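Heads up: the structure comes next, in structure tokens.
Numbers for residues simply follow the sequence, beginning at 1. Computed from a predicted model, the values in this text were never measured in an experiment.
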Amino acid sequence: MLQIKIKYFKDLTLEELYDLLQLRTAVFVVEQDCVYQDLDGKDKQALHVLGFKNNKVVAYTRIFKPGDYFEASSIGRVVVAKNERQFKYGYDIMKASIDAIETHFNTSKIKISAQVYLKTFYKNLGFHGVGEPYLEDDIPHIAMIKG
């Protein structure tokens, strides 16, 4: 079972920050073989949704209020440790992120930039694709909206 914690940047412990950055790097840079600027300056304004299993961060997203990233609220850096994906923690962390947007930002409209191969995953969470696919960091993405 995933334990969810939701924290602003200033409230993250050093260990939590290290663990979430390590997880993002392991998946986005190493596993997906994508060299990009993960530390983009936006973490400080995000609300961080951390999924813990045995006191280790195994799932994560960062969420933004409307206007901070897109016109609508948004969810980004959606990641689950490779050895934990079999437990469907992606759904758990996304549902917690959607709930956090509704609770903290009082809105249900969400826009994401989804990797194309995960389109069905996001559709199952109520998102629908808008526009044409595009490249982001040389990986095919599509804009998706919920609400």
Side-chain angles (χ1 to χ4, degrees), residues 2-9 12 14-54 56-102 104-105 107-147:
L2 207 58
Q3 179 194 8
I4 304 290
K5 291 184 184 178
I6 299 170
K7 294 185 169 192
Y8 285 98
F9 183 83
L12 293 168
L14 285 176
E15 188 168 331
E16 289 167 341
L17 179 60
Y18 182 88
D19 288 350
L20 75 86
L21 293 173
Q22 185 179 48
L23 176 60
R24 286 176 8 186
T25 300
V27 174
F28 298 133
V29 177
V30 178
E31 182 183 331
Q32 294 184 353
D33 194 23
C34 181
V35 177
Y36 79 110
Q37 186 64 47
D38 181 41
L39 299 178
D40 58 1
K42 294 183 175 118
D43 286 317
K44 291 180 181 179
Q45 68 190 85
L47 191 56
H48 301 268
V49 182
L50 301 103
F52 291 86
K53 181 177 177 182
N54 300 322
K56 179 152 178 61
V57 177
V58 298
Y60 168 84
T61 71
R62 65 182 189 181
I63 62 176
F64 296 93
K65 70 181 185 294
D68 276 357
Y69 200 90
F70 294 120
E71 188 176 314
S73 288
S74 61
I75 303 171
R77 298 293 199 268
V78 179
V79 62
V80 175
K82 187 175 186 174
N83 61 332
E84 300 291 342
R85 292 180 195 147
Q86 65 191 347
F87 302 112
K88 308 291 185 197
Y89 292 150
Y91 286 101
D92 296 335
I93 201 74
M94 279 298 294
K95 287 175 185 172
S97 300
I98 291 164
D99 290 346
I101 284 174
E102 292 173 353
H104 290 270
F105 307 145
T107 184
S108 59
K109 186 168 184 181
I110 304 168
K111 181 177 181 180
I112 61 172
S113 180
Q115 292 185 9
V116 170
Y117 85 96
L118 291 169
K119 193 174 175 181
T120 301
F121 167 76
Y122 291 113
K123 277 186 175 184
N124 290 337
L125 289 159
F127 288 85
H128 66 276
V130 292
E132 295 298 317
Y134 53 90
L135 286 180
E136 186 175 309
D137 299 314
D138 290 326
I139 296 174
H141 282 70
I142 188 163
M144 298 188 83
I145 300 284
K146 176 179 174 56

Problem set entry | side chain to side chain contact (heavy atoms under 4.5 Å, CB included) partners of A81, counting only residues at least two apart | L23, V58, N83, E84
Seminar exercise, completed: Residues at least two apart in sequence or cross-chain that pass ring-ring contact (aromatic ring centres under 6.0 Å, His included) with F64, listed by chain then number, are Y69
Problem set entry | Which atom of Q115 lies closest to which atom of Y117, heavy atoms considered | OE1-CE2, 2.9 Å
For this session: For S73, check side-chain hydrogen bond (donor to acceptor under 3.5 Å, both in side chains) against everything at least two apart and list the hits.
Result: none
Problem set entry | With D19 via side-chain hydrogen bond (donor to acceptor under 3.5 Å, both in side chains) - residues at least two apart | none
For this session: For residues K65 and Q45, determine if any side-chain heavy atom of one lies less than 4.5 Å from a side-chain heavy atom of the other.
Result: no
For this session: Would you mind reporting whether D92 and V80 have side-chain heavy atoms less than 4.5 Å apart?
Result: no
For this session: Decide yes or no for E136 and Y36: does some side-chain heavy atom of the first lie under 4.5 Å from some side-chain heavy atom of the second?
Result: no
Exercise. Sequence neighbours excluded, which residues qualify as side-chain hydrogen bond (donor to acceptor under 3.5 Å, both in side chains) partners of Y18?
Worked result: none
For this session: Check the angle between the aromatic planes of F9 and H48 and answer parallel, tilted or perpendicular using the 30° and 60° thresholds.
Result: tilted
Exercise. Listed by chain and number, what are the side chain to side chain contact (heavy atoms under 4.5 Å, CB included) partners of V35, not counting sequence neighbours?
Worked result: none
Problem set entry | Short side-chain to backbone donor-acceptor contact, R24 and Y60, under 3.5 Å | no
For this session: Side-chain contact test, heavy atoms from C-beta onward, threshold under 4.5 Å: evaluate it for S74 versus I63 and give yes or no.
Result: no
Exercise. Quick one: does R62's side chain get under 4.5 Å of L20's, heavy atoms only?
Worked result: no
Exercise. Between V78 and M94, is any pair of side-chain heavy atoms under 4.5 Å apart?
Worked result: yes
For this session: Check salt bridge (Lys or Arg N to Asp or Glu O under 4.0 Å) between E31 and all other residues, then give those that pass, not counting sequence neighbours.
Result: R85
For this session: For residues I142 and G129, report the shortest heavy-atom separation together with the two atoms involved.
Result: CD1-CA, 4.4 Å
Exercise. Which residues satisfy the salt bridge (Lys or Arg N to Asp or Glu O under 4.0 Å) test with K119, sequence neighbours excluded?
Worked result: none
Exercise. Among all residues two or more places apart in sequence or in another chain, which pass the side chain to side chain contact (heavy atoms under 4.5 Å, CB included) test with K7?
Worked result: K5, D11, L12, T13, E16
Exercise. Partners of E15 by side-chain hydrogen bond (donor to acceptor under 3.5 Å, both in side chains), sequence neighbours excluded?
Worked result: none
Seminar exercise, completed: Applying ring-ring contact (aromatic ring centres under 6.0 Å, His included) to Y89 and not counting sequence neighbours gives F87
For this session: Please check if the side chain of D137 supplies one atom and the backbone of I139 the other of a donor-acceptor pair under 3.5 Å.
Result: no
For this session: Apply ring-ring contact (aromatic ring centres under 6.0 Å, His included) to Y91 and list each qualifying residue two or more places apart in sequence or on a separate chain.
Result: F121
Exercise. Taking the side chain as C-beta and beyond, is there a heavy-atom pair between V27 and K82 under 4.5 Å?
Worked result: no
